[in-house]
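Everything numeric in this text was worked out from a predicted model, so none of it was measured.
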Amino acid sequence: MARARRIGILTAGGDSPGLNAAIRGIGKAAVDHYGMEVVGFRDGFRGLVEDRSVRLDRKLSGILTVGGTILGTSRDKPHRMLIDGRIIDMTAAVVATYQRHRLDALVCLGGGGTAKNSLRLVRAGLNVITLPKTIDNDLVMTDATFGFATALDIATDAIDRLHSTAHSHHRIIVVEIMGHRAGWLTLGAGIAGGADVILIPEIPYSVESIAEAIGRRVRGGSNFSIVAVAEGARNPEDAATFREAETRKRAAATPEEIAAAVESLAAVESAHAGNTLRLAAQLEALTGLESRVTILGYVQRGGTPSPADRLLATRLGSAGADLIYQGVSGVMVAARGEGSEPVPLEQVAGKRKLVPLDHSWIQAARHVGTCLGD
Ligand code: F6P
């Protein structure tokens, strides 16, 4: 591709600390270092479909420490947009907006879903690169994703604070932590905060094993416990039902099969709602210790990014501008050690990085006596 002169930026998926730092990183490098023009699109891919944009060249200062995304975000997919109650493929509208703005490249800041949508746009003929953003740390082929470090700080701080109140009241406190279908955030915060029990989606849990571990603590003189549970953690039966629904969705080929599989996965997800409350009630019944629940929720991804995330987002953003200048397209800018590396979107889209069962964090947790629910 000829030297890029005009680039578009959008943020998609759940918001995450560090998005504005990344917009600033790529934007300033593109404008100040490479002399490009930068256009931002509002509310994820929907802004591209509806052609809602803002010139970013003079809006890049003062946003490094700001949480959320100045561009707004959404979970819309260009090929399956909800418009007037109907699902429509709007890829052609995206291509038209790209051409109308005379863009040479588009940068999409997001997680796994964004990588998938970006790959579709590459196949539709656009030059697209992505930057890895998610508090869940579940993107493959990158050492890190911005947002995770901040969420880890917040969740760890919450566990620290829950300790003193659990201790004072001799209670079990079950704290639910985000992470979608991966356990990175719960495991990381659980270890850093010294949770007594850590439950992650990768290790189906037995309520009886957890109650036994809490009982051992009581007999050892600790009549309180902190249970860190990932939002996606399940018992073996629920985990099997969930796996079946996921497998069915992956195998679905026709539009009818896809619709049915999406519906059945949604039903499994909605049956899972309230799981943390049920777990706390079960633990109270089995241990005789009063139990309370804290659901951290969106607090984990709101507010100012940590220095680690600002640094990561800035260096990946600036590396993204370098790649665009070199004419590279169809890649995610992956963090690799202290540097970065372009990884083909085909290797990222549709994949999820779960915690390997032999990961050092799991080993460390077990070695310090943490119950992992199995
Ligand atoms: O992917 C980030 C994340 O915060 C997950 O941890 C969580 O499961 C999900 O987004 C929540 O999504 P939403 O913002 O659509 O409620």
Between Asp196 (side chain) and Ile226 (backbone), is there a donor-acceptor pair under 3.5 Å? yes

So how far is it from Leu279 CG to Ile210 CD1, rounded to the nearest 0.5 Å? 5.0 Å

Going hydrophobic residue to hydrophobic residue with side-chain gaps under 4.5 angstrom, can you get from Leu277 over to Leu283? yes

Can you see which heavy atom on Ser329 is nearest to which on Leu126, and at what distance? OG-O, 4.0 Å

Between the main-chain N or O of Asp104 and the side-chain N or O of Asn127, is there a donor-acceptor pair closer than 3.5 Å? yes

Pi-cation contact, Phe41 with Arg52 (under 6.0 Å, within 45°): no

Do Leu199 and Val227 come within less than 4.5 Å of each other through their side chains, counting heavy atoms only? yes

Common cluster, Phe242/Met178, ILVMFWY with side-chain heavy-atom separation under 4.5 Å: no

Any chain of hydrophobic side-chain contacts (each under 4.5 Å) joining Val333 to Val107? yes

Same cluster for Val331 and Ile324 if Ile/Leu/Val/Met/Phe/Trp/Tyr side chains link at under 4.5 Å? yes

Flag the pair Val355 / Trp361 as yes when at least one side-chain heavy-atom distance between them is below 4.5 Å, and no otherwise. no

Evaluate the side-chain proximity of Ile87 to Leu82: yes if any heavy-atom separation is below 4.5 Å, no if none is. yes

Are Leu109 and Thr114 packed together at the side-chain level, in the sense that at least one heavy-atom pair is separated by less than 4.5 angstrom? no

Tell me, with the steps shown, if Asp43 and Thr11 meet side-chain contact (heavy atoms from CB on, under 4.5 Å). CA-CA 7 Å; Asp43 304 334; Thr11 55; over 6 Å; no

Answer with yes or no whether the side chains of Asp309 and Thr150 bring together a donor and an acceptor at under 3.5 Å. yes

Are the side chain of Thr97 and the backbone of Ala93 linked by a donor-acceptor contact shorter than 3.5 Å? yes

So, does Asp143 use its side chain to make a donor-acceptor pair with the main chain of Gly337 at under 3.5 Å? yes

Output, in order, the C-alpha distance, side-chain angles, deciding distance and verdict of side-chain contact (heavy atoms from CB on, under 4.5 Å) for Ile9 and Val38. CA-CA 7 Å; Ile9 302 183; Val38 184; 3.5 Å; yes

Leu316 versus Leu131, closest heavy-atom pair with distance: O-CD2, 3.6 Å

Within the structure provided, determine whether Asn235 and Pro204 are in side-chain contact (heavy-atom separation under 4.5 Å). no

Would you please name every residue forming a ring-ring contact (aromatic ring centres under 6.0 Å, His included) with His272, sequence neighbours left out? none

Evaluate Arg248 against Glu246 for salt bridge (Lys or Arg N to Asp or Glu O under 4.0 Å), listing each step before the verdict. CA-CA 5 Å; Arg248 198 170 149 208; Glu246 262 210 323; over 6 Å; no

Shortest non-hydrogen contact from Arg336 to Thr142? NH1-CA, 3.9 Å

Do the side chains of Glu176 and Leu296 get nearer than 4.5 Å, heavy atoms only? no

Using a 4.5 Å cut-off on heavy atoms from C-beta on, say whether the side chain of Val39 contacts that of Leu56. no

Atom pair CG (Asn275) and CZ (Arg234), whose distance is rounded to the nearest 0.5 Å: 7.5 Å

Arg278, CZ atom: more than 12 neighbouring heavy atoms under 6.0 Å: yes

Value for CD1 (Ile135) from CD (Gln300), rounded to nearest 0.5 Å, stands at 5.5 Å

Indicate, with yes or no, if Ile200 and Phe148 share a hydrophobic cluster defined by side-chain heavy-atom contacts under 4.5 Å among Ile, Leu, Val, Met, Phe, Trp and Tyr. yes

Euclidean distance, Arg120 CZ relative to Asp89 CG, rounded to 0.5 Å: 9.0 Å

Does the side-chain contact (heavy atoms from CB on, under 4.5 Å) test come out yes or no for Ser53 and His101, once each step is laid out? CA-CA 10 Å; Ser53 66; His101 284 266; 3.3 Å; yes

Looking only at side-chain N and O atoms, does Arg310 offer a donor or acceptor that is under 3.5 Å from a partner on Thr65? no

Just by modelled atom types, is the Ala12 backbone N or O under 3.5 Å from a matching donor or acceptor in the Lys133 side chain? yes

For Arg217 and Ser225, which I'm curious about, is there any donor-acceptor pair between the side chains at under 3.5 Å? yes

Roughly how far apart are Asp51 CG and Arg100 CZ, rounded to 0.5 Å? 4.5 Å

Which heavy atom of Ile70 sits nearest a heavy atom of Asn20, and at what distance? N-OD1, 2.8 Å

Near Glu263 CD, under 6.0 Å, is it more than 12 heavy atoms from other residues, nucleotides or ligands? no

Quick check: are there more than 12 heavy atoms from other residues, nucleotides or ligands sitting under 6.0 Å from NZ of Lys353? yes

I'd like a table of donor-acceptor pairs (distance under 3.5 Å, sequence neighbours excluded) in which one partner is a side-chain atom from residues 27-37, with atom names and distances.
| from | atom 1 | to | atom 2 | distance (Å) |
| --- | --- | --- | --- | --- |
| Lys28 | NZ | Ser61 | OG | 3.4 |
| Tyr34 | OH | Asp322 | OD1 | 2.7 |
| Glu37 | OE1 | Arg6 | NH1 | 2.4 |

Would you call Glu269 and Arg181 a salt bridge, using N to O less than 4.0 angstrom? yes

Closer than 3.5 angstrom, by distance alone: can the side chain of Thr165 be matched with the main-chain N or O of Arg161 as a donor-acceptor pair? no

Go through the steps for Asp57 and Arg55 under the test salt bridge (Lys or Arg N to Asp or Glu O under 4.0 Å), then give the verdict. CA-CA 6 Å; Asp57 308 33; Arg55 271 294 291 271; 3.0 Å; yes

His180 and Asp136 have their tightest heavy-atom pair at CB-OD2, 3.4 Å

Within the supplied structure, the quantity of interest is the number of heavy atoms (other residues, nucleotides, ligands) at a distance under 6.0 Å from His167 NE2; does it exceed 12? no

Can Phe224 and His170 be said to form a ring pair (Phe, Tyr, Trp, His ring centres under 6.0 Å), step by step? CA-CA 5 Å; Phe224 72 96; His170 322 304; 8.5 Å; no

With Ile159, the side chain to side chain contact (heavy atoms under 4.5 Å, CB included) member among Ile177, Thr186, Ile173: Ile177

With distance as the sole test, does Glu284 use its side chain to make a donor-acceptor pair with the main-chain N or O of Glu290 at under 3.5 Å? no

Taking all non-hydrogen atoms of both residues into account, name the closest pair between Gly147 and Ser16 and its distance. CA-OG, 3.3 Å

Quick one: does Leu71's side chain get under 4.5 Å of Val54's, heavy atoms only? yes

To the closest 0.5 Å, what do you measure between CD1 (Ile7) and CZ (Arg5)? 13.5 Å

Check the pair Glu338, Arg315 against salt bridge (Lys or Arg N to Asp or Glu O under 4.0 Å), reporting the backbone distance first and the verdict last. CA-CA 9 Å; Glu338 291 307 307; Arg315 68 183 180 84; 5.1 Å; no

side-chain contact (heavy atoms from CB on, under 4.5 Å) assessment of Thr276 paired with Val175: CA-CA 8 Å; Thr276 302; Val175 51; over 6 Å; no

